[in-house]
Amino acid sequence: MLKQFSDLGINEQLQQSLIDLQISEPTDVQKKAIPVVLNQKDDLVVLAKTGTGKTAAFGLPLLQLADIENKDIQTLILAPTRELGQQIYKNLESLASNSTEIKIVSLCGGTPIKPQIEALTNRPQIIIATPGRLVDLVKREAINLKSIKYFVLDEADEMVSALKEEVDAIIKELPKTRRTLLFTATMPGYIKQLVQNYMSKHVVHIEADMETVGHQGIDHQYVVVEPIEKLEVLMHFLNSREGERGIIFCKTKAAVNKLAKNLAINKFSSGALHGSLSQGIRDRIMGQFRDEHIDILVATDLAARGIDVKNLSYVVNYHLPDTYDAYVHRSGRTARAGAKGLSLTILQEEEVIDIADFEDELGITFKTFKKADAQSIEENNTLLWAKKIFKTKPNREVSEDLKAKIKTIFHHLTKEELVDKILANYLAQNATVIPNPEGAKKHKKKKQ
DNA sequence: AAAAAAT
């Protein structure tokens, strides 16, 4: 018999929200984790694949356990990035839409702290935070964590490694009697050891959705390119996926900026996301991406973990990820909730040997992505650029006066001559966009 | 070495 949310002990208000959200059946991780959280006894370490519903696996039972008679903060959820924190907040809000008496407050950085201090005076039962901001609030004595009963670390492996200092500072403020619930898709051996130090009660270990070896639904492919043709191959791929949506991962913020600029010049519907942008811009780009106003997100590993955007059919590794786990998280942005997706890694010749390591370490098999020959890539990219120009709407912000002046410049040209000039301009622009080998060498030399 | 997280 299939277990339903009601069988797991989820109450009617939350069941109604699930109906509203058109979520009909619990996933494996939800079936396994919900009863344990509701039992109010044990600590919990949950290992479950990307995109299998971990947020609801702790969100549903913790919303149910929220005691509205109790005006103290009862649940603390920590996330590694502001974007993920906000996403968890929104998910919990929508799960709680029929439990209106529950108050949830998001305490992520990058936004003014005063409104958050204000919001805390409303006595929320549940808070979602990023570590830096929460430490700040504790230092200001704007928050008291002594009443916490449930402590959730999402992306637990990242939290106890990269953000260990802040997490340790926060744990010092928590009562020993609390329950600790850790959720993650990846758990390197050394982290597994470390994690034991964070638990105070008997620990239940749950592994869910793991019986399917590899990352079900993800098609792993790689393509070998010369440095000079990397951008061209990427654009050719993006053109072949016109109307689809995905994320392109780069190694550095500077590389994200550069690639996003190149894609913008070539009229791709794209935006950049990394940690040096203001939170306002980060929120705007994420909003546009979620609302499908832009199709392509160019990002650092800021977007690698937890981010759940609907209908992403591909992920591109424009640079190799640093770790095997980073590959798991990046590629896990596609093929979510049972969907299919492609994870394409673009490599240079000397990096090909790494592919075998990824295969061995992660138990996956890469197929080779067949790139077209240089000439057809260029032709194809140019044709699609022309189509995009055709579809471009006139810019109303340009004054009539300026338009008239520009028209006089081109006045004496025939249509054919005008097309020739626009095309030549496009090709020249692209030539400057793609670094030539000389330039690449010079750059390398400079770095050494 | 780079990314994230506080201002």
Side-chain angles (χ1 to χ4, degrees), chain A residues 76-89 105-117 119-120 127-143 145 152-173 184-186 188 191 247-260 272-283 285-286 297-307 315 317-333 348 350-351 354 443-444 446-448:
Chain A
L76 165 62
I77 300 163
L78 283 185
T81 65
R82 298 164 187 171
E83 280 70 15
L84 185 53
Q86 284 159 7
Q87 178 181 293
I88 295 168
Y89 171 75
V105 165
S106 162
L107 304 173
C108 298
T111 52
I113 200 165
K114 282 255 168 68
Q116 293 180 349
I117 295 170
L120 285 170
I127 56 173
I128 294 132
T130 45
R133 176 52 60 92
L134 189 61
V135 168
D136 193 358
L137 286 161
V138 167
K139 276 185 187 156
R140 290 166 190 248
E141 296 184 1
I143 193 167
L145 300 177
V152 177
L153 277 178
D154 199 13
E155 305 294 341
D157 56 335
E158 174 84 350
M159 299 301 287
V160 302
S161 50
L163 297 165
K164 185 174 192 305
E165 229 172 273
E166 289 90 341
V167 169
D168 286 348
I170 290 162
I171 285 176
K172 278 198 186 116
E173 303 295 317
T184 179
T186 49
I191 298 283
I247 304 180
I248 303 169
F249 286 101
C250 297
K251 193 179 170 70
T252 65
K253 298 169 190 173
V256 165
N257 284 337
K258 191 174 163 194
L259 180 58
L273 183 79
H274 60 69
S276 288
L277 299 168
S278 74
Q279 195 57 40
I281 291 176
R282 281 165 63 167
D283 291 345
I285 295 294
M286 271 312 292
L297 189 69
V298 186
T300 57
D301 279 326
L302 170 60
R305 282 177 174 263
I307 295 303
V315 159
N317 289 301
Y318 197 63
H319 302 113
L320 268 181
D322 282 343
T323 64
Y324 302 116
D325 285 341
Y327 182 89
V328 172
H329 289 286
R330 284 179 175 191
S331 59
R333 296 317 98 211
Q348 284 158 225
E350 63 269 27
E351 296 171 315
D354 297 327
H443 189 64
K444 252 190 182 169
K446 209 177 165 186
K447 266 194 161 176
Q448 283 164 355

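Chain identifiers are assigned alphabetically (A, B, ...) following the order of the sequence lines, protein sequences preceding nucleic acid strands; residue numbering begins at 1 within each chain. As the structure is a computational prediction, the values presented were derived from the model and not from experiment.
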### Query
Can you tell me if Ser276(A) and Lys253(A) form a side-chain donor-acceptor pair at under 3.5 Å?
yes
Once you round it to whole Å, what is the distance between [atom2] of [N] and [atom1] of [X]?
X         : N      : atom1 : atom2 : answer
Tyr327(A) : dA3(B) : OH    : C1'   : 20 Å
Gln279(A) : dA5(B) : CD    : C1'   : 11 Å
His329(A) : dA3(B) : NE2   : P     : 18 Å

Under 4.0 Å, counting only non-hydrogen atoms across every strand here, what does [X] touch: a base, just sugar-phosphate, or nothing?
X         : value
Leu163(A) : base
Arg282(A) : sugar-phosphate
Lys253(A) : sugar-phosphate

#### Entry: side chain to side chain contact (heavy atoms under 4.5 Å, CB included) against Glu351(A), all qualifying residues, sequence neighbours excluded
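For Glu351(A) the side chain to side chain contact (heavy atoms under 4.5 Å, CB included) partners, ignoring immediate neighbours, are Leu320(A), Leu347(A), Gln348(A), Asp354(A).
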### Query
What nucleotide, of dA5(B), dA2(B), dA4(B), holds the atom closest to the side chain of Thr252(A)?
dA2(B)
### Option passing side chain to side chain donor-acceptor pair (under 3.5 Å) with Asp301(A) (candidates His274(A), Lys251(A), Arg330(A), His329(A))
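Considering His274(A), Lys251(A), Arg330(A), His329(A), a side chain to side chain donor-acceptor pair (under 3.5 Å) with Asp301(A) is found only for Arg330(A).
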### Query
salt bridge (Lys or Arg N to Asp or Glu O under 4.0 Å) with Lys139(A): which residues, sequence neighbours excluded?
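Applying salt bridge (Lys or Arg N to Asp or Glu O under 4.0 Å) to Lys139(A) gives none.
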### Message
Is the phosphate of dA3(B) approached by Arg330(A) (side-chain N or O, under 4.0 Å from OP1 or OP2)?
### Response
no
### Query
Hey, is the side chain of Thr300(A) poking within less than 4.0 Å of OP1 or OP2 on dA4(B), counting only N and O atoms?
yes
